[in-house]
Amino acid sequence: MLDKYDIIVVGAGHAGCEAAAAAANMGSKVLLITMDMNKIAQMSCNPAMGGVAKGQIVREIDALGGYSGIVSDKSTIQFRLLNRSKGPAMYSPRAQNDRMLFAQYWREALEQTVNVDFWQDIVTSLIIEKDEVAGVVTGLGMNIYSKAVILTNGTFLNGLIHIGNKQFGGGRIGEKGSSGITEQLVKLGFESGRMKTGTPPRVDGRTLNYEIMEQQDGDENPGKFSYSDTVSVTNQKPCWITYTNEKVHEILRTGFDDSPMYAGRIKGLGPRYCPSIEDKINRFAERDRHQIFVEPEGWNTVEIYVNGFSTSLPDHIQLKAMKLIPGFEKAKMFRPGYAIEYDYFPPTQLKLTLETHLKENLYFAGQINGTTGYEEAACQGLMAGINAHNKINNKEDFILKRSDAYIGVLIDDLVNKGTDEPYRMFTSRAEYRILLRQDNADIRLTEIGNKLGLADNNRLKNVNKKIQNTNDIVNYFKRTSIIPSEINPLLVKYNTSEINQNYKLMQIVTRPQLDINILKNNLTSVSTFLEKYNEDEILQAEILMKYEGYLEKEQLMVEKMNRLESVIINEKFDFVSIHNLSTEAKQKLSKQKPKTLGQAARISGISPSDISVLMIHLGR
């Protein structure tokens, strides 16, 4: 190893991998420390990437030059674009992945990144010098120095695993937890808390009866995450759907007395939107069944992930109840589900760069900030890696606004609002979601990634070509007219009113009953024109035409908010001295030190009148 590194990344989960790759590719010498070199980028829970809003995040990571999209594409066993029946703002890509291949490709990517070194060890504490982090101390007694440290500890900080009445320390089943860091940070003045997450049993797929389950196939023409030259999956593995029933619920209820959740042994709050099966049957007692997704773990394994059956009940109760699920009558369990409690640090203690307020050059990313999910962790790692590199090289902070990306929404939510339960991204969290679609992440972010030195010139060239071609299609539809006799039969077929004079094609394609592919498949002139453009360009053009008014409205909202974002607040601004501010505002503004008036307005508990007072004192 080197005597000193630019950046040390602690933990090699999704956040740690993206942080290490980003900082190294920007030119920093990085040491990635992990407790087990064989568990790099482990998919600790379900073997899948993306989903509602999460798929948008993966595409944003890729557009900026991160690796999650590429690794996911290489390990995909099934791909689906969710929410096709809704508007394009809701379209969300999701991939089922080969768990082992995913970890393998991530490790290969990191090993091929020149500036990344590896060290297998546990980090027990930080080296602090003059209120700045200066390195780490490891379990082997080594002091390793660096200019910045990024903590991505996942569920390992004082991790405690629960299965019924059994509880034991660990960061994942079969892996020991990590102690020392929380205790040190609390002594340094940090506030910590406890959170809980869980995972379902894994079963032997050879013992399941798939014939009585509902088969769920991937898309007929599967897409992919990355805007690079990765290829879409061709041969796909199916998943299956089955359901619990009242008999299953009755068996599960017999274990409630031994449930660590109901017995009060678990203190941390679990994820609201991914509850355990016992939580479901308790909270939704009126429902007589709950959906179970039966997901293969990879191409060459019989292991099955029982999505929807997360539990910490006693293992014998888990198996007895599971055998009453249709298709699981002869199921053999590989390992039981369990709950895990772990330490986190409320993210209001962070700057928007993910650097801590209390100690300079110390960054937090991933579940340590109270989030849940691979995608949420990965994007935080990417941002922390970029900002740590910029900080030690005296470059500007890199902050994505809420109007720039879901990544910006996530970090802004965490820093300004905080979270006391595992934070999961949804499209509803983004007020500009028509602008922040999965199809235009490259247009929004590739130029930014290129300037950072992460997205290469070829990517930028491809984006510029996409923009030009999209504009060409839109302009064609705006200027090209069609006569009634040519279009009316089609309008009648799709139950929309006929025309009695020439119309521009854009007036036709924007009708809700029609789409651009209907015109392409039925009008020779349109088909001939579009044959030189790819599907992404055609979809992009259709969205710009169909949602033109909505896009313009959201853009006006962005410009209005950006006026507040342009009002900079000095880091040493004395909020306490402003008498007209509420006591709550003084306390929260002093603690979180917003950089702009816009950020101040989004802090929980800050009222419009507080903002008006600030505007006066800032000369606005």
Side-chain angles (χ1 to χ4, degrees), residues 14 41-52 54-55 58-59 62 67-84 91-109 199-226 228-244 274 290-310 322 325-335 337 373-375 378 438:
H14 299 260
Q42 178 83 347
M43 291 181 127
S44 305
C45 204
N46 62 321
M49 289 290 284
V52 176
K54 293 168 175 279
V58 178
R59 300 211 93 186
D62 183 78
Y67 287 171
S68 288
I70 293 171
V71 170
S72 184
D73 287 346
K74 288 182 175 181
S75 58
T76 293
I77 63 175
Q78 188 195 96
F79 188 94
R80 296 174 65 220
L81 186 63
L82 308 181
N83 290 333
R84 284 181 182 272
Y91 293 176
S92 300
R94 184 184 189 273
Q96 202 71 30
N97 296 94
D98 184 305
R99 186 187 298 278
M100 289 178 283
L101 282 180
F102 187 91
Q104 175 189 325
Y105 286 128
W106 245 121
R107 177 163 175 168
E108 287 177 4
T199 193
R202 308 312 199 264
V203 300
D204 186 339
R206 296 169 297 185
T207 63
L208 302 184
N209 179 8
Y210 299 106
E211 291 184 2
I212 63 173
M213 301 183 199
E214 176 188 336
Q215 185 165 316
Q216 185 181 54
D217 294 315
D219 288 347
E220 187 175 344
N221 298 304
K224 62 191 186 81
F225 283 113
S226 181
S228 67
D229 58 1
T230 57
V231 296
S232 298
V233 64
T234 49
N235 179 34
Q236 301 185 72
K237 285 192 76 114
C239 297
W240 293 267
I241 297 174
T242 184
Y243 296 87
T244 63
C274 189
H290 293 283
Q291 199 169 46
I292 301 293
F293 293 95
V294 181
E295 301 178 344
E297 297 262 354
W299 293 113
N300 301 310
T301 178
V302 297
E303 189 171 355
I304 294 291
Y305 180 87
V306 190
N307 195 341
F309 204 79
S310 176
M322 195 163 55
I325 297 173
F328 280 73
E329 292 82 1
K330 298 180 180 179
K332 291 182 179 178
M333 189 186 287
F334 281 164
R335 54 187 163 119
Y374 309 144
E375 304 82 3
Q438 60 86 31

- Y305 vs R202 side-chain heavy atoms within contact, under 4.5 Å: yes
- Item | Intermediate values then yes/no, side-chain contact (heavy atoms from CB on, under 4.5 Å), L208 and W240 | CA-CA 11 Å; L208 302 184; W240 293 267; over 6 Å; no
- Starting from the C-alpha separation in whole Å, work towards a yes-or-no answer on salt bridge (charged side-chain N to carboxylate O under 4.0 Å, His left out) for R94 and E295. CA-CA 13 Å; R94 184 184 189 273; E295 301 178 344; 3.3 Å; yes
- Would you say the side chain of I70 lies within less than 4.5 Å of the side chain of S228, judging by non-hydrogen atoms? yes
- Go through the steps for M49 and V71 under the test side-chain contact (heavy atoms from CB on, under 4.5 Å), then give the verdict. CA-CA 10 Å; M49 289 290 284; V71 170; over 6 Å; no
- Taking only residues two or more places apart in sequence or in another chain, which ones pass side chain to side chain donor-acceptor pair (under 3.5 Å) with R335? none
- Message: So, taking the atom named CE in M213 and the one named CD in E211, what distance separates them when rounded to the nearest 0.5 Å?
- Response: 10.5 Å
- Message: List the residues meeting side-chain contact (heavy atoms from CB on, under 4.5 Å) with I212, not counting sequence neighbours, and say none if there are none.
- Response: N209, P326, E329
- Looking at side-chain heavy atoms only, is the closest gap between M333 and F328 below 4.5 Å? no
- What are the two closest non-hydrogen atoms of E375 and G50, and how far apart are they? OE2-N, 2.8 Å
- Message: Taking the side chain as everything from C-beta on, heavy atoms only, tell me whether I304 gets closer than 4.5 Å to P296.
- Response: yes
- Output yes when a side-chain donor or acceptor of Y374 lies under 3.5 Å from a complementary backbone atom of A48, and no otherwise. no
- Can you find a pair of side-chain heavy atoms, one from Y105 and one from D98, that are under 4.5 Å apart? no
- At what distance, to the nearest 0.5 angstrom, does CZ of R59 lie from OG of S92? 11.0 Å
- Task: Kindly write out the residues that satisfy side-chain contact (heavy atoms from CB on, under 4.5 Å) with Q216, not counting sequence neighbours, or none if the list is empty.
- Result: R80, C239, I241, F293
- From CD1 (I325) to OH (Y243), nearest 0.5 Å: 12.5 Å
- Query: Judged by modelled atom types alone, do S72 and N97 share a side-chain donor-acceptor pair under 3.5 Å?
  - Reply: yes
- Query: Would a distance-only check, ignoring hydrogens and angles, find a side-chain to backbone donor-acceptor pair under 3.5 Å from T207 to D204?
  - Reply: yes
- Item | With sequence neighbours excluded, residues passing side chain to side chain donor-acceptor pair (under 3.5 Å) with T76 | none
- Message: Using the side chain to side chain contact (heavy atoms under 4.5 Å, CB included) definition, which of the options H290, Q291, M322 pairs with T244?
- Response: H290
- Taking only residues two or more places apart in sequence, or in another chain, which ones meet S232 in a side-chain contact (heavy atoms from CB on, under 4.5 Å)? K224
- S68 side chain near W106 side chain, heavy-atom distance below 4.5 Å: yes
- Task: Supply the atom-to-atom distance D229 CG to D73 CG, rounded to the nearest 0.5 angstrom.
- Result: 10.5 Å
- Message: Does V233 form a side-chain contact (heavy atoms from CB on, under 4.5 Å) with I77? I'd like the steps, not just the answer.
- Response: CA-CA 7 Å; V233 64; I77 63 175; 5.9 Å; no
- Message: Ring-plane angle category for F79 and F225, please: parallel below 30°, perpendicular beyond 60°, tilted otherwise.
- Response: perpendicular
- Between the CD atom in Q96 and the CD atom in E297, the distance rounded to the nearest 0.5 Å is 8.5 Å
- Message: With a 4.5 Å cut-off on side-chain heavy atoms, are W299 and K237 touching?
- Response: yes
- Query: Between Q236 and G218, what is the shortest heavy-atom contact and its length?
  - Reply: OE1-CA, 3.4 Å
- With sequence neighbours excluded, tell me which residues meet side-chain contact (heavy atoms from CB on, under 4.5 Å) with K330. none
- Hey, is the main chain of G205 close enough, under 3.5 Å, to the side chain of Y210 for a donor-acceptor pair? yes
- Item | Pairwise distance NZ(K74) to CZ(F102) - rounded to 0.5 angstrom | 12.0 Å
